[in-house]
Undergrad: 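Here it is, the structure in full.
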Amino acid sequence: MPKLTTEPTQAFIKMLFMGYSGEGKSSALVPLSIPDFHGNSGYELRWLDFDGKAEEVVRSTLARLLHSKKISKEQHDTALIENNDICSCIEPSTIITARENGKNVKKMGITSAVAWQTAVKQIEKWENSLNDKTILITDSFTYAARAITNFSQSMNNKLNQALDWRDYQVPQQLAETLMVTMADLPTHSIVCAHQDPLEIYKATDQVDDKGNPVEDLVDTLMVPISIGKAGRMKLPARFNHCLLATSEGKGAATRRWIYTEPRVGVVTKTPYFGRCEPRYPIEFGMVDYFNLRG
């Protein structure tokens, strides 16, 4: 095993960025693409856009910063034209005819599951150009999981049908594969995810009046929404950074923040403990956090 040296190794940032919808996770990432902004030279953002909103977020965030004169026209144009590459990975819904309980029914559904395959092909196109100046973004893991489920169900001729207990294993494995891939590729990676409570139980030596084992609730954690419950605790394991986007206040007084400290049930983590702030303004906080790499 090689010994450490006094010269630090610049490790890639592998981040799970959690928060409820509307807390500003996507817009918080856009400033990373702006050259000479808060000491940032400007990363190239590669978006796997499963939510279908990345282009609007990028354009509106940059336009707001330009309008408020926080960036120049040159910075705006460089970030917009050169530093944001967006791959749309969505499956538009439509009215379909499906067979349910022996009858044909009309309902919302998709005609073909293409989003997951689109994402895989795009990663293959980007792979050889990934480096220390690129950031691969999955936005969001919630809709990536839906795309994975649609793909798996389509392979089993069950598209637009609810999962039964036999259908969970393959999409859960693919969801974990996505996280492992994001962790292993030679680039910075950020996975945006919506949080959802997961109750943790432990067995006791007691039984109820029906003879079933009694379990005690020992904790409730906020973890990424995924496919079923199995494996959800494993998803962040390969990511050494877990930050939270959340807000404080009401109405016009609402302020959005990026937290590096645990909050509202989310167990955050950072290797920059002791150097990073407990929270950062969402307008430029992600840039300041990345600057801690040195």
Undergrad: Please check if any side-chain donor atom of T187 sits under 3.5 Å from a side-chain acceptor atom of T134, or the reverse.
TA: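 Yes, T134 and T187 have a side-chain donor paired with an acceptor closer than 3.5 Å.
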Undergrad: In sequence, state the C-alpha distance, the side-chain angles, and the governing distance for D36 and Q75, and then conclude on side-chain contact (heavy atoms from CB on, under 4.5 Å).
TA: CA-CA 8 Å; D36 302 318; Q75 287 174 299; 4.0 Å; yes
Undergrad: If you measure from the Lys or Arg side-chain nitrogens to the Asp or Glu carboxylate oxygens, is any gap between K73 and D77 under 4.0 Å?
TA: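 Salt bridge flag = yes for D77 with K73.
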Undergrad: Passes side-chain hydrogen bond (donor to acceptor under 3.5 Å, both in side chains), S88 versus D49? Steps please.
TA: CA-CA 5 Å; S88 178; D49 180 22; 5.0 Å; no
Undergrad: Looking only at side chains, do S26 and D139 share a donor and an acceptor under 3.5 Å apart?
TA: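 Yes.
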Undergrad: With a 3.5 Å distance limit and no angle check, can you tell me whether R263 reaches the backbone of L244 through a side-chain donor-acceptor pair?
TA: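 Here the side-chain-to-backbone pair does not exist.
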Undergrad: Are Y43 and F290, when compared by the centres of their aromatic rings, separated by less than 6.0 Å?
TA: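 Y43 vs F290: aromatic centres under 6.0 Å.
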Undergrad: Apply the test side-chain contact (heavy atoms from CB on, under 4.5 Å) to residues K125 and C87: give CA-CA distance (whole Å), side-chain angles for both, the deciding distance (0.1 Å), then the verdict.
TA: CA-CA 11 Å; K125 292 179 181 178; C87 175; over 6 Å; no
Undergrad: Do you see a donor-acceptor pair shorter than 3.5 Å between the side chains of K133 and S41?
TA: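 A donor-acceptor contact under 3.5 Å links the two side chains.
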Undergrad: In sequence, state the C-alpha distance, the side-chain angles, and the governing distance for L178 and V180, and then conclude on side-chain contact (heavy atoms from CB on, under 4.5 Å).
TA: CA-CA 6 Å; L178 172 61; V180 170; over 6 Å; no
Undergrad: Consider only side-chain N and O atoms of S129 and R46, and report whether a donor and an acceptor are under 3.5 Å apart.
TA: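 Side chains of S129 and R46: pair found under 3.5 Å.
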Undergrad: Is the backbone of M182 close enough, under 3.5 Å, to the side chain of S189 for a donor and an acceptor to pair up by distance?
TA: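 Checking the backbone N and O of M182 against the side chain of S189, a donor-acceptor pair under 3.5 Å is found.
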Undergrad: So K25 and E23, salt bridge (charged side-chain N to carboxylate O under 4.0 Å, His left out) or not? Walk me through it.
TA: CA-CA 6 Å; K25 295 185 299 298; E23 294 288 10; over 6 Å; no
Undergrad: Quick check on side-chain contact (heavy atoms from CB on, under 4.5 Å): which of V114, V120, T118 does W116 satisfy it with?
TA: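 Answer after filtering V114, V120, T118: V120.
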Undergrad: Using a 6.0 Å cut-off, check whether atom CD of E248 has over 12 heavy atoms from anything other than its own residue.
TA: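 Count over threshold, so yes.
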Undergrad: Step through the shown structure and confirm whether more than 12 heavy atoms of other residues, nucleotides or ligands are within 6.0 Å of OH on Y143.
TA: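 It does not: Y143 OH has 12 such atoms or fewer within range.
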Undergrad: Counting distance only, does the side-chain N/O of K70 pair as donor-acceptor with the main-chain N or O of R64 below 3.5 Å?
TA: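 Checking the backbone N and O of R64 against the side chain of K70, no donor-acceptor pair under 3.5 Å is found.
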Undergrad: Testing F12, F17, F239 for ring-ring contact (aromatic ring centres under 6.0 Å, His included) with H188, which one passes?
TA: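 Exactly one pass, corresponding to F12.
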Undergrad: Taking the six-membered ring for Trp, are Y289 and Y272 parallel (under 30°), tilted (30 to 60°) or perpendicular (over 60°)?
TA: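 Tilted.
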